[in-house]
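To start, the structure itself, in structure tokens.
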Amino acid sequence: MRSILSIAYKELSVYFSSPMAYVISGVFLALTGVFFSDSVDQPFADASVRGLMRSTVFFIMPLIPPIMTMRLLAEEQKLGTLELLLTAPVRDYEVVIGKFLASFLILSATVLLTFFYVLILMYYSAPDMGPVLSGYLGLLLYCTTTLSIGLLASSLTGNQIVSATVGFGVILLFTFIGNLAAVVGGSAAVVLQHISLTGHFDPFARGVVDTGHILYYLVMTAAFLFLTIRSVESRRWR
Amino acid sequence: MSSQIMIEANHLTKYYGDFPAITDVSFAAQKGEILGFLGPNAAGKTTTMRILTGYMPPSSGTASIAGYDVVSQSLEARRHVGYLPETVPLYTDMRVKDYLRFMGTIRGMQTKVIKRRIDEVVQLCHLEEYYVAYISKLSKGFRQRVGIAQAVFHEPDVLVLDEPTIGIDPIQVVETRQLIKGLGGERTILLSSHILPEVSMICQRVIIIHEGEIVAVDTPQSLAEHLEGTERVQLEITGPVSQVVRVLRGIPGVQDVSFTDTGDRHGTYAVISKRGSEMRANLAKAIVEQGWGLLRLEPLSLSLEEIFLRLTTTEEAK
Ligand SMILES: Nc1ncnc2c1ncn2[C@@H]1O[C@H](COP(=O)(O)OP(=O)(O)O)[C@@H](O)[C@H]1O
Ligand SMILES: [Mg+2]
């Protein structure tokens, strides 16, 4: 446990000692600001952040998480420091979880900063807090899955750009895979709907907290983290 | 010094795909010993060290550090090793002290101990002026020192140093060698190198590895002595060079003669011949009989460099 925390702590300090954390939070807040004003600046607009959240999921989540994770394991391979980590008395999974934790802390803090928009709504009207809170729960779960995909991509290469691109591609695929369902039809459609990242998010935005959907994100995250750990382990066999 | 075995390799073999990088490598190092691991490029030094440090498992065979098996008790074994990989892996965007602190925390050291050790290793490795500097700003020689500093940071019983003087400038090479020599004592050190004088300068015992197999294990001195019963004699002779060489070559038992022009009126000749005082007497007699002046006759032990050349050439001859 202590190893996980020291690795997370180190990654956090790297995020903050580079412009990375600030740029990411800045871009995130700027974009969500645009989504927010767009969603409320309409006749008969809801006093909700549903529009904001849906846009976030479609436009920000494929991009920002893989950028945040691209460095985490790719750079270790490029610098050769992975050899030090893997010969330190640290288990491979502790390395992966520590890094995941650091990226999750930054991204979730950024997501929670958007609660500012909710405060604005509360000032002008009385938004229904149920969907707001469940929506934030959904967003945080969404972050875990997209970050774990990004981390897997980062474990596969020593090149950060390749890492970000692969992560982006995979998340994008899982974002829009539900749309394929309409094309293929039949039982394949059910499967596609089922593994779609966005399909499981809608209920949260509508105020429904269903353990099935929570479980979906947790299982997906665990699966990608597991693959990442295996991928790191495989460095030992090459 | 107790006779505790701190590094043990038993019949280690490692395949990369179908290619055997090392075959049946066995050796042991006692507590406090500085063991040299000598071999040309691609001999299998890094592969062996990566197995010993728990980076990767062997294809077959076993190894232990401080009595802990590197595969089945990997974490415990790793706790006892400080490792400087060949590439000197450093987080270039960190400051020296933060890097050392991080290496301390992932090795489970207490904050108080880490504080103390930062001061100690900074002094030991002469990093006083650089310890708040970013690693990316350091020269190669100083990066090497940071690499050594992290390897000794947790006061490990065993140090594994993979070619620690490669790619740094000559003055820093000398300093680094002195530093490594000073790290001995209680600690057991395995030092790999392809530079012979380095190993004979630092190490008490040498393992020579070639094409993945151990070809010799001995002290630098007795390796030289046992080699094929030959010795090298250095002679200073006044006389016409070509004739001197011809006469020396003609003496039974002489294997090789080489001439170095020292710029004086006489020259220095190195003769590789059968071992023994009788041989040297014959050399002296032959020279005096020709009426030349024999200014000096000195038996030299073979340098490791030559042993090594021989070992590798006999390997190639197979
Ligand atoms: N990861 C690897 N994959 C395939 N072959 C390798 C790998 N690492 C080393 N080798 C090969 O194994 C042999 C031994 O390499 P190495 O242990 O690095 O030798 P040294 O450190 O003595 O130069 C070399 O022929 C090298 O090409
Ligand atoms: Mg090597």
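Because only heavy atoms are used, hydrogens play no part in the values below, and waters and symmetry mates are left out as well, while side chains stay in. Throughout, a chain's letter reflects where its sequence line sits, starting with A, and its residues are numbered from 1.
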Contact part of [X] toward chain A, heavy-atom cut-off under 4.5 Å: side chain, backbone, both or neither?
X	answer
B:Phe102	side chain
B:Ser59	neither
B:Tyr99	side chain
B:Leu90	backbone

Heavy-atom pairs under 4.5 Å with chain B: which of [options] has the most?
options	answer
A:Glu233, A:Glu83, A:Glu75, A:Arg2	A:Glu83
A:Gly98, A:Gly80, A:Ser6	A:Ser6
A:Leu85, A:Val14, A:Val95	A:Leu85

I'd like to know whether [atom1] of [X] has more than 12 heavy-atom contacts from other residues, nucleotides or ligands below 6.0 angstrom.
X	atom1	value
A:Arg54	CZ	no
A:Phe176	CZ	yes
A:Phe115	CZ	yes
A:Phe104	CZ	yes

[X] and [Y]: which non-hydrogen atoms are nearest, and at how many Å?
X	Y	result
A:Leu84	B:Pro89	CD1-O, 3.5 Å
A:Val90	B:Leu75	N-CD2, 3.8 Å
B:Arg107	A:Pro89	CG-CD, 3.7 Å

Value rounded to 0.5 Å, distance of OG in A:Ser17 from CE in B:Met94:
8.0 Å

A:Arg236 side chain vs B:Gly54 backbone, donor-acceptor pair below 3.5 Å:
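A pair under 3.5 Å: yes.
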
Please answer whether the main-chain N or O of A:Leu86 pairs with a side-chain N or O of B:Arg78 as donor and acceptor at a distance below 3.5 Å.
yes

Using heavy-atom distances under 4.5 Å, tell me whether A:Glu76 contacts chain B through its side chain, its backbone, both, or neither.
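A:Glu76 touches chain B through side-chain heavy atoms alone.
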
So do the side chains of A:Thr87 and B:Val81 get within less than 4.5 Å of each other, counting heavy atoms only?
no

Highest number of heavy-atom pairs under 4.5 Å with chain A: which of B:Arg101, B:Glu76, B:Gln150, B:His80?
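If we count pairs closer than 4.5 Å to chain A, B:Gln150 comes out on top.
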
Using a cut-off of under 4.5 Å for heavy-atom pairs, which of B:Gly17, B:Ala77, B:Gly82, B:Pro85 has the most such pairs with chain A?
B:Pro85

